[in-house]
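A quick write-up on the structure given underneath.
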Amino acid sequence: MKNNKKFETNSVRAGSIRSDQGEHSEALYLTSSFVFKNAKEAADRFSNVDVGNIYSRFTNPSVKMFEDRLASLEGAEQCIATSTGMSAILASVMSLCGKGDHVIISKSVFGTTVKLFDNILKKWGLDLTYVSLTNLDEWQNAVKKNTKLFFVETPSNPLTEICDISSLADLAHQSNSLLIVDNCFCTPAHQLPLKFGADIIIHSATKYLDGQGRCLGGAVLGSKEYMRHVVDFLRSAGISMSPFNAWIFFKGLETLKIRMDAHSAKANDLAQWLEKQKKVKKVYYPGLPSHPQYKLAMKQQSAGGGIVSFEVDGGKRDAWNLIDSTTLLSITANLGDTRSTITHPATTTHSRLSQKERDSSSITNNLIRIAVGLEDIEDIKEDLSAL
Ligand SMILES: *Cc1c(COP(=O)(O)O)cnc(C)c1O
């Protein structure tokens with residue numbers, strides 16, 4: 001769904017379907033199936049002579065509106081909506097790889113993504129290698145004859161490490177592989193991985209695309225050639241997005257840019273403030289000149305994003321004390337909400353790792369992650385006044 005309109009215009013207008021009722025706000029099509037005019041139309045739909053709706057596991061107008069709008073924002077030929085972010089990852093890997101194929105994956109991906117690869121996909125014969133997100137040599141050395149996919153999240157969670165998407169895409173293509181980028185943290189408002197050569201984009205729509213913590217959903221985006229296989233998988237596996245959720249996400253996209261700009265501006269302000277606090281040892285935020293990949297971040301992203309992590313002086317007890325001293329921030333592992341959330345990664349999102357693994361990936365016991373919401377930044381700082 002490529003067109004020549006600008007991002008903010010597409011956010012509010014791309015993909016709209018109007019019924020003959022003339023509604024201005026797009027309708028919600030809550031129906032599991034669709035009626036045909038006659039037997040011939042039914043037969044033509046099933047044999048694909050006539051392209052149209054059959055059943056909402058396959059297509060639904062509300063879902064299609066979300067898909068076309070998100071595709072226009074990412075600059076992708078096609079988007080396939082899925083029930084969750086995890087099912088988007090499952091669908092992309094299952095439809096583009098088979099038994100014996102090799103996937104190279106960054107160590108610093110979402111915890112459940114690692115579980116999906118290790119506990120499920122491996123069982124079905126996938127060969128896996130984990131490498132450091134930022135070390136291109138490790139990626140190069142991991143390539144094998146049967147390598148099919150490279151999988152990354154950038155920026156990473158919670159340390160906001162960044163990979164050079166175009167260098168990694170070049171390496172993937174030289175190795176006859178595709179590069180998948182989970183673009184959950186930046187969203188297309190701040191990063192367009194396809195422009196840098198990535199082949200497939202994954203979203204957990206649950207996070208910023210909704211932006212208000214209401215629904216679960218996901219998406220896979222890329223060329224029609226690859227999405228054909230993802231559609232086949234989705235129809236048979238039944239991991240379709242609910243029309244109701246699609247309608248929520250579709251509306252969420254209308255405010256994506258202004259929300260992301262606001263999350264990012266507030267996060268930038270908070271990161272700078274944190275760097276000046278006596279009890280803060282280190283701040284991780286791609287929008288800070290002190291970030292080791294600041295230059296790359298500013299080339300690849302149009303803003304630093306809404307996630308800030310930092311180390312407090314001391315250990316776990318000190319981190320927990322700070323978390324427990326807050327009264328405004330929500331203590332939850334979720335992110336991408338209007339309300340700021342505060343998390344202790346070592347004992348929640350990254351607790352499945354051993355102490356040694358956490359040490360080697362710098363998920364220290366004094367590390368705290370804040371997903372900055374849309375509250376007034378002065379109130380957020382006030383809530384962290386124990387620092
Ligand atoms: C949350 C998340 C997912 C999984 O999405 P769900 O919608 O919870 O299934 C995948 N990747 C990243 C980066 C996430 O933050």
Side-chain angles (χ1 to χ4, degrees), residues 1-16 24-26 62 64-79 81 85 88 153-155 160 162 165 181-196 198 201-215 217-219 221 245-271 285-287 297-308 334-341 370-377 380:
M1 185 75 192
K2 289 184 179 168
N3 69 35
N4 55 11
K5 293 280 191 303
K6 306 271 189 303
F7 191 94
E8 282 164 274
T9 307
N10 282 332
S11 292
V12 297
R13 293 200 176 266
S16 289
H24 191 209
S25 175
E26 295 77 3
S62 298
K64 182 163 172 32
M65 287 192 252
F66 166 69
E67 291 173 333
D68 287 351
R69 185 166 285 180
L70 184 59
S72 80
L73 300 182
E74 288 282 10
E77 269 180 20
Q78 199 178 349
C79 168
E153 273 167 36
T154 179
T160 69
I162 287 169
I165 300 174
V181 176
D182 183 331
N183 201 24
C184 180
F185 268 37
C186 278
T187 82
H190 289 160
Q191 176 170 274
L192 296 169
L194 297 180
K195 253 178 66 179
F196 293 97
I201 294 173
I202 297 290
H203 273 289
S204 166
T206 315
K207 314 292 166 52
Y208 288 112
L209 300 191
D210 171 18
Q212 296 179 55
R214 296 167 290 194
C215 300
L221 299 102
N245 290 9
W247 184 79
I248 298 271
F249 294 136
F250 176 73
K251 291 287 165 197
L253 290 180
E254 296 186 358
T255 55
L256 181 66
K257 178 79 166 67
I258 54 173
R259 282 189 287 108
M260 291 309 293
D261 286 351
H263 284 298
S264 206
K266 288 168 199 279
N268 222 314
D269 187 329
L270 183 69
Y285 183 66
M298 293 302 106
K299 185 184 112 195
Q300 198 165 273
Q301 305 172 201
S302 57
I307 314 288
V308 184
N334 201 19
L335 59 94
D337 198 293
T338 51
R339 285 170 283 223
S340 297
T341 64
I370 294 182
V372 182
L374 300 179
E375 301 95 341
D376 191 291
I377 192 65
I380 297 174

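Just so it is clear, the model here is predicted, and its values are computed rather than measured. Residue numbers start at 1 and run along the sequence shown. Side chains are part of it too, since the values below use all heavy atoms of this structure and drop only hydrogens, waters and symmetry mates.
The backbone N or O of F249 lies less than 3.5 Å from no partner atom in the side chain of R69, so there is not a single donor-acceptor pair. Distance alone, capped at 3.5 Å, is enough to place a donor-acceptor pair between the Y285 side chain and the G305 backbone. Looking at S340, its side chain does come within 3.5 Å of a backbone N or O of G373 through a donor-acceptor pair. Side-chain N or O atoms of Q300 include none that pairs as donor or acceptor with a backbone N or O of F196 at under 3.5 Å. In terms of modelled atom types and a separation under 3.5 Å, the side chain of S11 and the main chain of E254 share no donor-acceptor contact. Without hydrogens or angle criteria, N268 side chain to G304 main chain gives no donor-acceptor distance under 3.5 Å.
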Stepwise side-chain contact (heavy atoms from CB on, under 4.5 Å) test for T154 and F185: CA-CA 7 Å; T154 179; F185 268 37; over 6 Å; no
task: Would you sort out whether L221 and Q78 count as a side-chain contact (heavy atoms from CB on, under 4.5 Å), showing the intermediate values?
output: CA-CA 6 Å; L221 299 102; Q78 199 178 349; over 6 Å; no
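Taking Q301 as the reference, nothing meets the side chain to side chain donor-acceptor pair (under 3.5 Å) condition, with sequence neighbours excluded. By the side-chain contact (heavy atoms from CB on, under 4.5 Å) test, L194 is found to be paired with A76, I201, residues two or more places apart in sequence or in another chain being considered. T206 is linked by a side chain to side chain donor-acceptor pair (under 3.5 Å) to S204, counting only residues two or more places apart in sequence or in another chain. For the side-chain contact (heavy atoms from CB on, under 4.5 Å) test, residues two or more places apart in sequence or in another chain that qualify with T160 are P155, Y284, P286, H291. Considering only residues two or more places apart in sequence or on other chains, E375 meets the salt bridge (Lys or Arg N to Asp or Glu O under 4.0 Å) condition with none of them. In terms of the salt bridge (Lys or Arg N to Asp or Glu O under 4.0 Å) criterion, residue partners of R339 (sequence neighbours excluded) are, by chain and number, D337. Applying the side-chain contact (heavy atoms from CB on, under 4.5 Å) rule to A246 yields the partners V63, F66, M241; only residues at least two apart in sequence or on another chain are considered. Applying the side chain to side chain donor-acceptor pair (under 3.5 Å) test to E153 and every residue at least two apart in sequence or in another chain returns nothing. For K207, there are no salt bridge (Lys or Arg N to Asp or Glu O under 4.0 Å) partners, not counting sequence neighbours. In this structure, the side-chain contact (heavy atoms from CB on, under 4.5 Å) partners of S302, at least two apart in sequence or on a different chain, are H190. Qualifying side chain to side chain donor-acceptor pair (under 3.5 Å) partners for N10, counting only residues two or more places apart in sequence or in other chains: N3. Residues forming a salt bridge (Lys or Arg N to Asp or Glu O under 4.0 Å) with K257 (at least two apart in sequence, or on another chain): D261.
Here the OG-CG distance, from S264 to D269, works out to 11.5 Å after rounding to the nearest 0.5 Å. To the nearest 0.5 angstrom, L374 atom CG is 8.5 Å from Q212 atom CD.
For the residue pair S72 and K5, no side-chain donor N or O sits within less than 3.5 Å of a side-chain acceptor on the partner. Judged purely by distance below 3.5 Å, without hydrogens or angles, the side chains of R13 and T9 never pair a donor atom with an acceptor atom. For the residue pair S16/E26, the side-chain donor-acceptor check at 3.5 Å is satisfied.
Nearest heavy-atom pair, L70 versus C79, reported as atom, atom and distance to 0.1 Å: CD2-SG, 4.1 Å. Taking each heavy atom of H263 and T338 in turn, the nearest pair found is CE1-CA, 4.5 Å. I202 approaches A88 most closely through the heavy-atom pair CD1-O, 3.7 Å.
By the 4.0 Å N-to-carboxylate-O rule, E67 lies too far from K64 to be salt-bridged with it.
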